[in-house]
Participant: 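Quick one: the structure is below, and I'll ask about it shortly.
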Amino acid sequence: QVLLVESGGGLVQAGGSLRLSCAASGRTFSSAAMGWFRQASGKEREFVAAISWSGGSAYYADSVKGRFTISRDNAKNTVYLLMNSLKPEDTAVYYCAQAYVSQAGGGINDYRYWGQGTQVTVSS
């Protein structure tokens with residue numbers, strides 16, 4: 001069983017930055033792709049970013065490309081999401097997820113373990 005714990009959410013003004021962290025337990029972290037998803041109130045969960053097992057490949061939703069950066073530290077079993085130039089429409093609960101495979105994109109069904117989420121609120 002894998003436990004994912006997100007942290008780093010909070011309230012920030014538009015244009016500001018936040019860095020989310022996701023700490024993972026278990027031995028499978030370094031061989032699995034990791035992803036970040038978000039769910040705004042009343043909306044479906046959507047893909048934000050994903051990173052391959054080695055960190056060599058990263059994928060982003062068009063809505064965050066150029067503003068968000070996903071990274072990972074396999075020695076620390078942690079994946080990060082650096083969010084710059086935040087907008088009110090980025091307000092959501094952000095979830096990290098571990099994929100079944102070593103490289104994955106934005107398909108929710110590609111991910112088998114999920115964290116509990118961390119709230120990000122961007123004020124205008």
Side-chain angles (χ1 to χ4, degrees):
Q1 186 68 19
V2 170
L3 182 64
L4 303 175
V5 180
E6 302 98 335
S7 61
L11 174 64
V12 63
Q13 288 188 332
S17 298
L18 281 175
R19 189 179 81 155
L20 305 183
S21 299
C22 173
S25 66
R27 301 178 183 178
T28 58
F29 178 85
S30 60
S31 61
M34 297 294 296
W36 285 96
F37 291 77
R38 67 186 181 187
Q39 187 167 17
S41 180
K43 296 188 177 181
E44 293 188 352
R45 192 169 298 190
E46 65 175 5
F47 170 72
V48 174
I51 189 166
S52 63
W53 69 277
S54 66
S57 298
Y59 311 92
Y60 298 93
D62 288 343
S63 59
V64 306
K65 203 170 294 183
R67 299 187 297 122
F68 291 11
T69 303
I70 188 172
S71 61
R72 66 188 297 161
D73 185 338
N74 286 346
K76 295 182 178 180
N77 273 23
T78 302
V79 62
Y80 305 97
L81 185 68
L82 176 61
M83 306 184 294
N84 293 324
S85 302
L86 282 162
K87 304 175 181 180
E89 51 262 46
D90 294 318
T91 294
V93 177
Y94 283 71
Y95 300 89
C96 74
Q98 184 172 309
Y100 289 94
V101 294
S102 61
Q103 189 152 327
I108 284 181
N109 292 334
D110 291 339
Y111 296 84
R112 65 174 168 176
Y113 298 115
W114 293 81
Q116 82 290 347
T118 185
Q119 176 70 46
V120 171
T121 303
V122 184
S123 63
S124 57

Participant: How close do Cys22 and Met34 get, heavy atom to heavy atom, and via which atoms?
Facilitator: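 Closest pair (atom of Cys22, atom of Met34, distance): SG-CE, 4.5 Å.
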Participant: Working to the nearest 0.5 Å, report the span between OG1 of Thr91 and CD of Gln119.
Facilitator: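 Answer rounded to 0.5 Å: 7.0 Å.
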Participant: Between Ser52 and Ser57 (side chain of the first, backbone of the second, donor and acceptor by atom type, cut-off under 3.5 Å), is there such a pair?
Facilitator: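 It does hold such a pair.
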Participant: Please answer whether the main-chain N or O of Leu3 pairs with a side-chain N or O of Ser25 as donor and acceptor at a distance below 3.5 Å.
Facilitator: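 Judged by distance alone, yes, a pair lies under 3.5 Å.
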Participant: Should the pair Arg67 and Tyr60 be classed as cation-pi, given the thresholds of under 6.0 Å to the six-membered ring centre and 45° from the axis?
Facilitator: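 No; the conditions do not both hold, so Arg67 does not lie above the ring face of Tyr60.
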Participant: Closest approach of Ala104 and Ala99, non-hydrogen atoms and distance?
Facilitator: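 Residues Ala104 and Ala99, closest heavy atoms: CB-CB, 3.9 Å.
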Participant: Between Tyr111 and Phe37 (judged by ring centroids, cut-off 6.0 Å), do the two rings come close enough to count as a pair?
Facilitator: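 Between Tyr111 and Phe37, the centre distance is under 6.0 Å.
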Participant: Using the side-chain contact (heavy atoms from CB on, under 4.5 Å) rule, take Glu6 and Tyr94 through it: C-alpha gap first, then chi angles, then the decisive distance, then the call.
Facilitator: CA-CA 8 Å; Glu6 302 98 335; Tyr94 283 71; over 6 Å; no
Participant: Tell me, yes or no, whether the heavy-atom count around Lys65 atom NZ, taken from other residues, nucleotides or ligands under 6.0 Å, exceeds 12.
Facilitator: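 More than 12 heavy atoms, drawn from other residues, nucleotides or ligands, come within 6.0 Å of this atom.
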Participant: Apply the test side-chain contact (heavy atoms from CB on, under 4.5 Å) to residues Glu46 and Ile108: give CA-CA distance (whole Å), side-chain angles for both, the deciding distance (0.1 Å), then the verdict.
Facilitator: CA-CA 8 Å; Glu46 65 175 5; Ile108 284 181; over 6 Å; no
Participant: Show, in sequence, the C-alpha distance, side-chain angles and deciding distance for Trp36 and Met83, and conclude whether the side-chain contact (heavy atoms from CB on, under 4.5 Å) test is met.
Facilitator: CA-CA 12 Å; Trp36 285 96; Met83 306 184 294; over 6 Å; no
Participant: Could you tell me which non-hydrogen atom of Gln98 sits nearest to which non-hydrogen atom of Ala32, and how far apart they are?
Facilitator: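 Closest approach of Gln98 to Ala32, heavy atoms only: CG-CB, 3.6 Å.
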Participant: Once you round to the nearest 0.5 Å, how far does OG of Ser124 lie from CD of Glu89?
Facilitator: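 It is 10.0 Å, given to the nearest 0.5 Å.
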Participant: According to a 4.5 Å side-chain heavy-atom criterion applied to Ile, Leu, Val, Met, Phe, Trp and Tyr, with indirect links allowed, do Leu18 and Phe68 form part of one hydrophobic cluster?
Facilitator: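 In one cluster with Leu18: Phe68, yes.
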Participant: To the nearest 0.5 Å, how far apart are CG in Leu20 and CG in Leu82?
Facilitator: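 Spacing of CG (Leu20) from CG (Leu82) equals 9.0 Å.
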Participant: For the pair Asn77 (side chain) and Gly26 (backbone), establish whether a donor and an acceptor sit closer than 3.5 Å, ignoring hydrogens and angles.
Facilitator: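 Between the backbone of Gly26 and the side chain of Asn77 there is a qualifying donor-acceptor contact (under 3.5 Å).
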Participant: Roughly how far apart are Phe29 CZ and Leu4 CG, rounded to 0.5 Å?
Facilitator: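 Those atoms lie 8.5 Å apart.
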Participant: For the OG atom of Ser7 and the CZ atom of Arg19, what is their distance to the nearest 0.5 Å?
Facilitator: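 If I round to the nearest 0.5 Å, the distance is 9.0 Å.
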Participant: Can you measure from OH (Tyr80) to CD1 (Ile51) and round to the nearest 0.5 angstrom?
Facilitator: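 Output value for this atom pair is 11.0 Å.
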Participant: For Arg38 and Ser63, run side-chain contact (heavy atoms from CB on, under 4.5 Å): C-alpha distance rounded to whole Å, both residues' side-chain angles, the deciding distance at 0.1 Å, then the answer.
Facilitator: CA-CA 12 Å; Arg38 67 186 181 187; Ser63 59; 3.5 Å; yes
Participant: In terms of side-chain geometry, is the basic nitrogen of Asp90 or Lys87 positioned less than 4.0 Å from the acidic oxygen of its partner?
Facilitator: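 So Asp90 does not pair with Lys87 through a salt bridge.
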